[in-house]
Amino acid sequence: MSIATKLRRVRKPPPEGWDLIEPTLEQFEAKMREAETEPHEGKRKTEINWPIFRIHHQRSRYIYDMYYKKAEISRDLYEFCLTAKFADAALIAKWKKQGYENLCCVKCVQTRDSNFGTACICRVPKSKLDAERVIECVHCGCHGCSG
């Protein structure tokens with residue numbers, strides 16, 4: 001879905017400062033289209049969505065950083081981006097909590113999506129894992145977002 005389509009869906013004009021973040025959001029949208037049309041022959045079923053999850057994370061992190069870290073966008077623009085689904089509100093809400101600052105996706109903390117009713121393997125600190133083993137999250141392909 002293009003940026004213009006998302007803007008029409010919101011049915012109100014973007015707030016002041018939109019021109020500051022629009023080029024970057026356009027780049028993320030182009031990357032997303034490219035990832036969606038990428039051929040998936042030879043990949044496991046779970047690997048097909050990994051690039052989409054990564055781009056989604058990067059786009060949400062960009063908006064989060066612009067508002068909370070750099071303070072370059074207004075609250076109105078931030079809320080507009082959340083309403084228009086340019087950023088994942090649930091993921092950003094987790095980033096504000098201690099211990100979840102680097103969370104890759106919300107699926108990694110949902111216990112219902114795991115085999116044993118626990119958090120994802122990427123949430124285990126790297127110091128507690130075997131150094132030789134490469135760990136990848138089944139949901140998003142993350143190599144460890146707990147630190």
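Heavy atoms only: backbone and side chains are in, while hydrogens, waters and symmetry mates are out.
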(message) Tell me if a side-chain donor or acceptor on R59 pairs with a main-chain N or O of L25 at a distance below 3.5 Å.
(response) no
(request) Measure from the side-chain N and O atoms of W95 to the backbone N and O of L103, and report whether any donor-acceptor pair falls under 3.5 Å. (result) yes
(message) Are Y67 and R75 packed together at the side-chain level, in the sense that at least one heavy-atom pair is separated by less than 4.5 angstrom?
(response) yes
(request) Would you mind reporting whether R61 and N102 have side-chain heavy atoms less than 4.5 Å apart? (result) yes
Rounded to the nearest 0.5 Å, what separates atom [atom1] in [X] from atom [atom2] in [Y]?
X: I73; Y: C81; atom1: CD1; atom2: SG; answer: 5.5 Å
X: I52; Y: R33; atom1: CD1; atom2: CZ; answer: 13.0 Å
X: W50; Y: C140; atom1: CH2; atom2: SG; answer: 8.5 Å
X: L20; Y: S74; atom1: CG; atom2: OG; answer: 10.0 Å
X: I55; Y: S60; atom1: CD1; atom2: OG; answer: 12.0 Å
X: T37; Y: M32; atom1: OG1; atom2: CE; answer: 12.0 Å

Honestly curious: do [X] and [Y] fall in one hydrophobic cluster under the side-chain, below-4.5 Å linking rule?
X: L82; Y: I21; value: yes
X: I92; Y: M66; value: yes
X: F80; Y: L91; value: yes
X: F86; Y: F28; value: yes

Taking atom [atom1] of [X] as the centre, does the number of heavy atoms from other residues, nucleotides or ligands within less than 6.0 Å exceed 12?
X: E16; atom1: CD; value: no
X: K96; atom1: NZ; value: yes
X: Y100; atom1: OH; value: no

(message) Would you say the ring centers of Y78 and Y64 fall short of 6.0 Å from each other?
(response) no
(message) Taking salt bridge (charged side-chain N to carboxylate O under 4.0 Å, His left out) as the definition, give me every residue that meets it alongside E101, ordered by chain and number, with sequence neighbours left out.
(response) none
(request) Could you list the residues that satisfy salt bridge (charged side-chain N to carboxylate O under 4.0 Å, His left out) with K43, not counting sequence neighbours? (result) E38
(message) Regarding E34 and K31, does a basic nitrogen lie under 4.0 Å from an acidic carboxylate oxygen?
(response) no
